[in-house]
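Note sheet for the following structure.
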Amino acid sequence: MPSNLHSIVHRTLKTSRQRKDDFLFVLEALLAHLKPAILFDFCSTSPSQLQHILQESGYDDVIKVVKLLDDVILVDTSHDFISNYSPMIIDCSRSRTVPQPADTAIRDIYTRVFTDMVSVVQSSGESLVDLDPRCQECDTRCQECDTRCQECDTRCQQGDLCLTTIFGMFLQYPFVYYTSDDGNCLAGLELVVVELGSHKMVSSVQKTVSSDHKTLSSNQRKLSPSVERSDLRPFTSFSVPKLLCSD
């Protein structure tokens with residue numbers, strides 16, 4: 001990571017010094033190809049300001065700012081988001097008693113939508129890409145009839161595409177959540193949380209990456225027994241309901 005990137009970020013982001021340092025940490029992981037994308041709380045920073053950071057530091061040819069409705073993610077366009085990626089989509093809709101793998105129809109819709117969105121981002125010549133995932137689904141489903149049917153327009157107005165699923169797929173999580181309604185059925189359930197992090201990251205010199213596997217409401221279990229949990233600074237994490245995990 002170039003030394004001037006630190007000053008560019010601290011000068012551009014309108015948030016606390018700690019948040020700026022946190023952003024630099026995950027940005028370094030992105031530039032080191034340890035993360036495929038960043039979903040971060042940028043506070044009052046606009047997408048155009050993030051675009052300015054990447055342009056001024058010379059990374060705008062690889063990293064793109066992607067706007068999805070009211071959220072922004074940074075995407076490494078050199079990453080292969082599609083090949084060999086087949087996440088378990090977990091249906092945790094509030095109407096269900098317990099979470100379970102989503103049915104084939106849901107998986108097909110989100111696989112198709114995500115594939116099209118990745119294609120749009122990677123083929124765009126702009127460093128700032130504005131996507132509307134709700135309309136993306138409509139366009140995908142209407143290609144066969146080459147028109148926007150009334151059903152699609154209604155779905156767009158309702159905005160019923162689950163953005164949590166889309167974000168999880170951009171982040172390449174092995175497990176992503178889906179819900180067809182407001183809320184979910186995860187209350188009171190034990191989750192297994194996996195964190196991937198670093199004890200020291202020095203760009204282009206040395207990187208030590210570890211993982212920490214723990215169960216909420218139970219003692220921590222270390223995948224790397226020589227590393228203390230307090231030393232781990234996670235740059236990504238995901239969870240899965242324990243009832244869906246095999247022993």
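Here the structure is a predicted model, which is why all the values come from computation and not from measurement.
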Residues L24 and H6: closest non-hydrogen pair is CD1-CD2, 3.4 Å
Is any side-chain heavy atom of T45 closer than 4.5 Å to a side-chain heavy atom of T15? no
Does the side chain of I166 reach to within under 4.5 Å of the side chain of M117, using non-hydrogen atoms? yes
Distance in Å, C162 SG paired with I89 CD1, rounded so as to fall on 0.5 Å steps: 9.5 Å
Separation between CG of L69 and CG of D130, rounded to the nearest 0.5 Å: 8.5 Å
Does any part of the side chain of V240, heavy atoms only, come nearer than 4.5 Å to the side chain of I90, both counted from C-beta? yes
Quick one: do the T12 and Q49 side chains pair a donor with an acceptor below 3.5 Å? no
Side-chain donor or acceptor of Q122 paired with backbone N/O of H79 under 3.5 Å: yes
Where do D76 and H33 come nearest, in terms of heavy atoms and distance? OD2-ND1, 2.9 Å
Parallel, tilted or perpendicular: which one describes the rings of F175 and F238, with boundaries at 30° and 60°? tilted
T165 side chain vs Y177 backbone, donor-acceptor pair below 3.5 Å: yes
Nearest atoms (heavy-atom pairs only) where E56 meets H52: OE1-NE2, 2.5 Å
The test is side chain to side chain contact (heavy atoms under 4.5 Å, CB included); show your working for V194 and T236 and say whether it passes. CA-CA 9 Å; V194 177; T236 192; over 6 Å; no
Treating K35 as the side-chain partner and A29 as the backbone partner, does any N or O pair qualify as donor plus acceptor under 3.5 Å? no
Tell me, with the steps shown, if L131 and V66 meet side chain to side chain contact (heavy atoms under 4.5 Å, CB included). CA-CA 7 Å; L131 293 177; V66 179; 3.8 Å; yes
Answer yes or no: is there a donor N or O on one side and an acceptor on the other, between the side chain of S239 and the main chain of V192, under 3.5 Å? no
Closest contact, heavy atoms only, K64 versus G125: NZ-N, 4.4 Å
Criterion side chain to side chain contact (heavy atoms under 4.5 Å, CB included) on L74 and V26, from CA distance to verdict: CA-CA 11 Å; L74 300 185; V26 293; over 6 Å; no
Quick one: does I53's side chain get under 4.5 Å of Y59's, heavy atoms only? no
Heavy-atom side-chain contact between L243 and L189 under 4.5 Å: yes
For V62 versus S78, what's the shortest heavy-atom pair and its separation? CG1-OG, 4.3 Å
Please check: side-chain N/O of Y85 versus main-chain N/O of Y173, any donor-acceptor pairing under 3.5 Å? yes
Side-chain donor-acceptor pair present, R112, T115, cut-off under 3.5 Å: no
Nearest heavy-atom approach of S127 to Q51 is OG-NE2, 2.7 Å
Which of parallel (below 30°), tilted (30 to 60°) and perpendicular (above 60°) describes F40 and F23? tilted
Distance (rounded to the nearest 0.5 Å) between E126 CD and D60 CG: 10.5 Å
Determine yes or no for a side-chain-to-main-chain donor-acceptor pair under 3.5 angstrom, with N184 supplying the side chain and C92 the backbone. no
Going by atom types only, do S95 and S93 share a side-chain donor-acceptor pair under 3.5 Å? no
Could you give me the CA-CA distance, side-chain angles and deciding distance for V65 and K67, then say whether side chain to side chain contact (heavy atoms under 4.5 Å, CB included) is met? CA-CA 7 Å; V65 181; K67 188 174 183 297; 5.9 Å; no
Mind checking whether F235 and F25 have parallel, tilted or perpendicular rings, split at 30° and 60°? tilted
Check whether any side-chain N or O of S124 sits under 3.5 Å from a backbone N or O of V121 as a donor-acceptor pair, and report yes or no. no
Evaluate the side-chain proximity of V75 to F81: yes if any heavy-atom separation is below 4.5 Å, no if none is. yes
Counting only N and O atoms by type, is there a donor-acceptor contact under 3.5 Å from the side chain of S119 to the main-chain atoms of S123? no
Can you tell me how far the CZ atom of R96 sits from the CG atom of D91, to the nearest 0.5 Å? 4.0 Å
What's the separation between atom CE in M169 and atom OG1 in T164, rounded to the nearest 0.5 Å? 13.0 Å
Lys/Arg N to Asp/Glu carboxylate O, R233 vs D22, below 4.0 Å: yes
Should we say atom CG of D182 is surrounded by more than 12 heavy atoms from elsewhere, each under 6.0 Å from it? no
